[in-house]
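What you see below is based on every heavy atom in this structure, not just the backbone, and it leaves out hydrogens, waters and symmetry mates.
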Amino acid sequence: MNYYNVYTVCGGTLSVFKYKEAAENYFKRCYYSSDGVEKSDYSSVLLELNSKNLGKDHSSPYCNEISINMNQKIDEFYTIKLNDNLSIDKTIKYFEEKIKPILEISEKYDINFKSKMPFKYFGSDSESYVNYSFSNYYKEILEKYGVNISEIYTDEWSDGKYMLALNNEKIELKAWDRLEDVIDNTNEMIEICKNKEGEVEYGDYLNSRKESNFNLNNIFVKDMLDYKLEDDESSTGGLSFSGETLKDFIDDDIDDSLNTSIFWINDRLKLCGIKEITEQDCKKYFDSKAKEDVEL
């Protein structure tokens, strides 16, 4: 199931919701309790949500924070401050690549980042029979990024403090770690794994194109720049012009998007009314590229 696919931008804040109904209900309450410019901004958000999964106000070209709707029944939000003002597209990209995978796994482990001790029921690997395992938690997050690991172990070294060992490197974990700490920990773990194994090169796709190897997390935008996109069946959005390629789609953000995986670019395509790229599409694309190389 896809979580957190509805976005709104109002007052410089990107708000993220699981369901469109939750976003609409929240902004209706805001609309009826406001007046003047604020009321007009809320109206603009609601109007766009009628036909899209992104509703914007009249005056927010940039975002300086992300507010995540954790509980739609009581309007409970978790807010992350950004280090700089980002464009709306870049803010959504940051959420989808850095935050969304963590939220999906965290929900599976019943983690509430609004509590004072989100990891209260986690422990060392030796305690995994009574507590959740930090090792399994981070292992599942890394798998979301296509990083598979075997050498991981967590031990307790002080009350509420733990040490996770990964590929002979150590990372300190705490029972009161916030979502921002998990993001930092995940980034550090990915770097540790990259330093040990190196990155997969494009040539590997052509040399080992077995069906099981086509993981959309491990195929990157830079490898499919001239892939031709198609409209999806939705009534909104769609291609900017006939023959639009993946490179055309990311042209304004090409430097930041080249190393984005196809898995994550699919969320942006879907938001714009464009068909997502499937594993089968990737197979056909690489087969055609290989055929072109042979003919040359």
Side-chain angles (χ1 to χ4, degrees), residues 3-4 16 65-71 76-84 86 91 93-201 215-218 220 259-261 263-264:
Y3 291 113
Y4 302 106
V16 189
E65 64 180 16
I66 299 174
S67 188
I68 306 160
N69 183 217
M70 309 297 285
N71 188 330
E76 185 178 62
F77 290 84
Y78 187 96
T79 300
I80 293 178
K81 299 289 184 180
L82 301 176
N83 293 329
D84 198 0
L86 298 179
T91 307
K93 178 186 175 186
Y94 177 78
F95 171 79
E96 291 178 346
E97 294 188 355
K98 299 296 184 180
I99 302 176
K100 184 176 177 181
I102 293 172
L103 290 177
E104 291 180 342
I105 298 301
S106 297
E107 184 165 301
K108 176 181 176 181
Y109 283 85
D110 299 318
I111 296 170
N112 178 12
F113 286 108
K114 292 289 291 183
S115 71
K116 293 182 178 180
M117 197 171 292
F119 294 92
K120 178 180 180 179
Y121 300 107
F122 278 69
S124 66
D125 286 2
S126 63
E127 301 172 317
S128 59
Y129 63 96
V130 291
N131 290 319
Y132 287 128
S133 165
F134 277 109
S135 296
N136 289 340
Y137 172 69
Y138 278 102
K139 189 173 183 179
E140 288 189 43
I141 290 175
L142 292 174
E143 286 173 354
K144 284 277 189 178
Y145 293 92
V147 178
N148 296 306
I149 55 176
S150 56
E151 298 177 26
I152 185 170
Y153 187 82
T154 304
D155 200 5
E156 184 174 15
W157 63 277
S158 180
D159 191 22
K161 295 183 179 181
Y162 303 85
M163 193 65 71
L164 182 145
L166 173 64
N167 294 345
N168 297 320
E169 299 283 348
K170 293 183 178 180
I171 299 173
E172 181 181 334
L173 309 175
K174 300 177 290 296
W176 50 90
D177 275 347
R178 294 167 56 80
L179 178 55
E180 293 90 333
D181 298 312
V182 178
I183 294 171
D184 291 341
N185 292 338
T186 300
N187 290 338
E188 185 176 353
M189 291 178 193
I190 290 174
E191 286 303 311
I192 290 172
C193 294
K194 279 185 178 180
N195 290 338
K196 181 177 181 180
E197 299 178 7
E199 296 185 3
V200 177
E201 297 295 335
N215 183 330
L216 296 183
N217 274 304
N218 296 329
F220 301 95
N259 292 312
T260 300
S261 72
F263 181 87
W264 294 116

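In terms of modelled atom types and a separation under 3.5 Å, the side chain of K144 and the main chain of I102 share no donor-acceptor contact. With hydrogens and angles ignored, the 3.5 Å screen pairs a side-chain donor or acceptor of S133 with a backbone N or O of N136. At distances below 3.5 Å, at least one donor-acceptor pair connects side-chain atoms of W157 with backbone N or O atoms of Y162. N167 places no side-chain N or O within 3.5 Å of a backbone atom of E169 that could act as its donor or acceptor partner.
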Checklist entry - Step by step, would you call I68 with Y4 a side-chain contact (heavy atoms from CB on, under 4.5 Å)? => result CA-CA 8 Å; I68 306 160; Y4 302 106; 3.7 Å; yes

Next on the checklist: Set out, in order, the CA-CA distance, both residues' side-chain angles and the distance that settles side-chain contact (heavy atoms from CB on, under 4.5 Å) for E76 and N69, then state yes or no.
Outcome noted: CA-CA 6 Å; E76 185 178 62; N69 183 217; 5.5 Å; no

Next on the checklist: Let's go through Y121 and D110 carefully: what are the C-alpha distance in whole Å and the side-chain angles of both, what is the deciding distance for side-chain contact (heavy atoms from CB on, under 4.5 Å) to 0.1 Å, and is it a yes or a no?
Outcome noted: CA-CA 9 Å; Y121 300 107; D110 299 318; over 6 Å; no

Item to check | Candidate pair V147 and I149, rule side-chain contact (heavy atoms from CB on, under 4.5 Å), full reasoning | outcome: CA-CA 6 Å; V147 178; I149 55 176; 4.0 Å; yes

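With a 4.5 Å cut-off on side-chain heavy atoms, W176 and K116 do not count as touching. Put simply, the side chain of F220 does not reach to within 4.5 Å of the side chain of T260, judged on heavy atoms. In this structure the side chain of F77 never reaches within 4.5 angstrom of the side chain of I66, judged on heavy atoms. Using a 4.5 Å cut-off on side-chain heavy atoms (C-beta onward), I171 and E188 make contact. Using a 4.5 Å cut-off on side-chain heavy atoms (C-beta onward), Y94 and I99 make contact. At least one side-chain heavy atom of E127 sits under 4.5 Å from a side-chain heavy atom of E156. The shortest distance between side-chain heavy atoms of L173 and K161 does not fall below 4.5 Å. Residues N148 and L142 fail the side-chain proximity criterion, which asks for heavy atoms closer than 4.5 Å.
The distance from atom CE of M70 to atom OG1 of T79, rounded to the nearest 0.5 Å, is 10.5 Å. Rounding to the nearest 0.5 angstrom, the gap separating the CD1 atom in I105 from the NZ atom in K100 is 12.5 Å. Rounding to the nearest 0.5 Å places CD1 of I183 at 12.5 Å from CD of E97. Taking OG of S106 as the reference point, atom CG of N112 lies at 10.5 Å (rounded to 0.5 Å). Taking CZ of R178 as the start and NZ of K114 as the end, the distance is 8.0 Å to the nearest 0.5 Å.
By the 30° and 60° cut-offs, the orientation of the rings of Y132 relative to F122 is tilted. Classification of the F119-Y137 ring pair by plane angle, with boundaries at 30° and 60°, yields perpendicular.
Crowding of K170 atom NZ: a count of heavy atoms from other residues, nucleotides or ligands under 6.0 Å not exceeding 12.
Shortest non-hydrogen contact noted between G123 and F134 is O-CD1, 3.5 Å. Among all heavy-atom pairs drawn from I152 and L166, the shortest one is CB-CD1, 4.3 Å.
Applying side chain to side chain contact (heavy atoms under 4.5 Å, CB included) to F113 and the options L179, D177, I80 leaves one that passes, L179.
Judged as a ring-ring contact (aromatic ring centres under 6.0 Å, His included), and not counting sequence neighbours, Y145 has no contacts. The side-chain hydrogen bond (donor to acceptor under 3.5 Å, both in side chains) check on N187 picks up K98, with sequence neighbours excluded.
Residues K108 and E140 are paired through a salt bridge, judged by an N-O separation under 4.0 Å between the basic side chain and the carboxylate.
Using modelled atom types, one finds a donor on one side chain and an acceptor on the other under 3.5 Å when comparing S135 with T154.
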